[in-house]
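Bear in mind the structure is a predicted one, so any value in this text is a computation, not a measurement.
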Amino acid sequence: MDANTVYDVFLALPEVEKQRHIQLVNKYYSKKENQLKIAFRKNKNEVRFTKKDAIDYLLKNVFTSKKNNSLAS
């Protein structure tokens, strides 16, 4: 079934049934929108760190010589 067939059937409905159909379609779309909002609202677990944490990491892991690392072991 395609959209043109559905539209033709919709036009053949009595006026009361057309209104009911519109209500059902609007209800469907409002549920879909709510599901999308909930999906976007979920936060992913992000690692949060400060500038100081980043500097400490760089100083410890990047800007050290291998000689210093072997002496510390």
With sequence neighbours excluded, tell me which residues meet side-chain contact (heavy atoms from CB on, under 4.5 Å) with [X].
X	answer
Gln23	Arg20
Phe10	Leu13, Lys18, His21, Ile22
Phe49	Val47, Asp53, Ala54

Remaining members of the apolar cluster that contains Met1, side-chain heavy atoms under 4.5 Å: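 Listed partners: Val6.
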
With Asp2 via side chain to side chain donor-acceptor pair (under 3.5 Å) - residues at least two apart: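 With sequence neighbours excluded, Asp2 shows a side chain to side chain donor-acceptor pair (under 3.5 Å) to Thr5, given in chain and number order.
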
Pairing residues for Lys52 by the salt bridge (charged side-chain N to carboxylate O under 4.0 Å, His left out) criterion, not counting sequence neighbours: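 In terms of salt bridge (charged side-chain N to carboxylate O under 4.0 Å, His left out), with neighbours along the sequence ignored, Lys52 is linked to Asp56.
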
Min side-chain heavy-atom separation Leu24-Tyr28 under 4.5 Å: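 No, every pair of side-chain atoms sits at 4.5 Å or beyond.
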
